[in-house]
2 protein chains.
Amino acid sequence: MSSVTCHIAMSLDGFVAGPNQSPDNPIGEGGQRLHEWAFATYSWRKQHGLDGGERNADSEVVDDVSQGVGAYIMGRKMFGGGDGPWDEAWTGWWGKDPPFHTAVFVLTHHPREPLPMQGGTIFNFVTDGIESALEQARVAAGERVVSIAGGASAVQQYLAAGMLDELFLHIVPIVLGAGERLLEKVGDPTLEPIEVIASPAVTHVRYRVVH
Amino acid sequence: MSSVTCHIAMSLDGFVAGPNQSPDNPIGEGGQRLHEWAFATYSWRKQHGLDGGERNADSEVVDDVSQGVGAYIMGRKMFGGGDGPWDEAWTGWWGKDPPFHTAVFVLTHHPREPLPMQGGTIFNFVTDGIESALEQARVAAGERVVSIAGGASAVQQYLAAGMLDELFLHIVPIVLGAGERLLEKVGDPTLEPIEVIASPAVTHVRYRVVH
């Protein structure tokens with residue numbers, strides 16, 4: 001059965017998004033600072049059709065986390081488009097060719113038909129809960145990995161439910177002071193650090209979630 | 001001039017003590033879990049007059065952080081004895097021969113005569129603020145390092161005031177869920193990871209504080 005993983009950038013004080021999130025600023029004030037280490041890499045730029053960037057340990061991590069993923073799961077807020085029933089004109093933040101290139105299952109309370117995009121990404125909207133989303137994602141992923149893409153609430157729910165097998169944290173040496181915390185409402189999971197990759201910009205720690 | 005450092009164990013959700021701290025349980029519920037990696041080491045046990053323990057990367061870290069320290073600074077709560085004027089019978093948590101073996105400056109609002117202990121530890125009580133404590137500690141330390149021993153509030157004050165040169169975090173893979181957070185009220189410090197030591201129990205990251 002496919003394993004369930006999540007990789008996410010977290011500030012030293014535990015935030016995965018800054019305060020005052022809005023449609024114009026979906027990761028909150030200062031939230032961009034969580035991702036600058038990735039934006040600077042060769043691999044991130046290549047994935048987004050850009051030249052240049054650093055070929056370093058961070059770049060290898062960016063490559064690593066996007067390989068072998070057979071399906072993604074994300075929360076409604078990460079997909080965006082506001083609360084309530086869908087505005088069908090909203091097709092996500094990522095343009096016509098989103099960087100997922102596989103099935104994406106969006107957790108929502110509001111039904112919507114599957115939305116195929118260019119480049120192989122298909123957004124599927126799941127209204128019957130996280131277990132159902134995971135079952136569907138496992139079928140789509142086959143032998144490959146199911147990745148919980150975010151945001152905080154989706155990761156929390158899968159971790160609290162004991163459905164997450166691996167949490168790969170990119171620990172960014174910044175203090176955001178406010179925003180959305182990752183490790184709240186998750187109970188007391190048993191985590192084992194199984195890999196650490198250090199760079200001058202960020203410390204990547206892969207944790208196995210012991211069931 | 002001596003540099004100012006701090007090493008402290010922090011849970012993945014940012015706590016350096018558990019909830020419901022009390023005289024009977026000074027590091028709060030679950031707070032012991034922050035230090036189990038250290039208790040298991042050869043170096044910690046040796047420092048406390050005990051046999052056995054693991055000789056591993058964690059043990060080397062325990063050795064490292066206690067070497068070259070010429071003076072410690074700690075908050076009143078870490079020294080203990082309750083709030084308000086001193087009960088002179090209280091001489092700290094550590095018995096007759098505390099593990100510091102050098103000058104310790106205790107931040108307090110209540111004056112008290114210096115308290116020499118066995119093994120070279122002298123507790124000095126500083127009532128005129130963190131800058132004064134640091135000046136006195138620098139004099140005592142000479143060329144050696146001044147270490148901010150804790151608790152959270154003392155570390156926060158020195159970090160926020162730009163007086164800390166290095167923060168060495170032992171990132172423990174546990175979720176405490178509540179307690180005393182380290183990186184609150186510290187502003188937006190610039191931190192550079194300069195050394196990472198990985199073990200199966202904990203991830204040690206040494207950050208330089210950029211002034």
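What you see below is based on every heavy atom in this structure, not just the backbone, and it leaves out hydrogens, waters and symmetry mates. Here is how names work: the chains are called A, B, and so on, in the same order as the sequence lines, proteins then strands, and each is numbered from 1.
With a threshold of 4.5 angstrom between heavy atoms, B/L169 approaches chain A through side-chain atoms but not through N, CA, C or O. Only the side chain of A/R33 comes within contact range of chain B, with heavy atoms under 4.5 Å apart.
In B/Q47, the CD atom is crowded: over 12 heavy atoms of neighbouring residues, nucleotides or ligands sit closer than 6.0 Å. No more than 12 heavy atoms of other residues, nucleotides or ligands sit less than 6.0 Å from atom NE2 of B/H109. Atom CD of A/E195 sits in a crowded spot, with more than 12 heavy atoms from other residues, nucleotides or ligands closer than 6.0 Å. Within a 6.0 Å radius of CD in A/E131, other residues, nucleotides and ligands contribute 12 heavy atoms or fewer.
Of residues 3-17 of chain B, those residues lying under 4.5 Å from chain A by any heavy-atom pair are B/M10, B/L12, B/D13.
Put simply, of B/I174, B/D188, B/L176, the one with the most heavy-atom pairs under 4.5 Å next to chain A is B/D188.
Put simply, the side chain of A/V196 reaches to within 4.5 Å of the side chain of B/V196, judged on heavy atoms.
Closest approach of A/S199 and B/P193 over heavy atoms only: O-CG, 3.9 Å. Shown here for A/L191 and B/P173, the closest heavy-atom pair between the two residues is O-CB, 3.5 Å.
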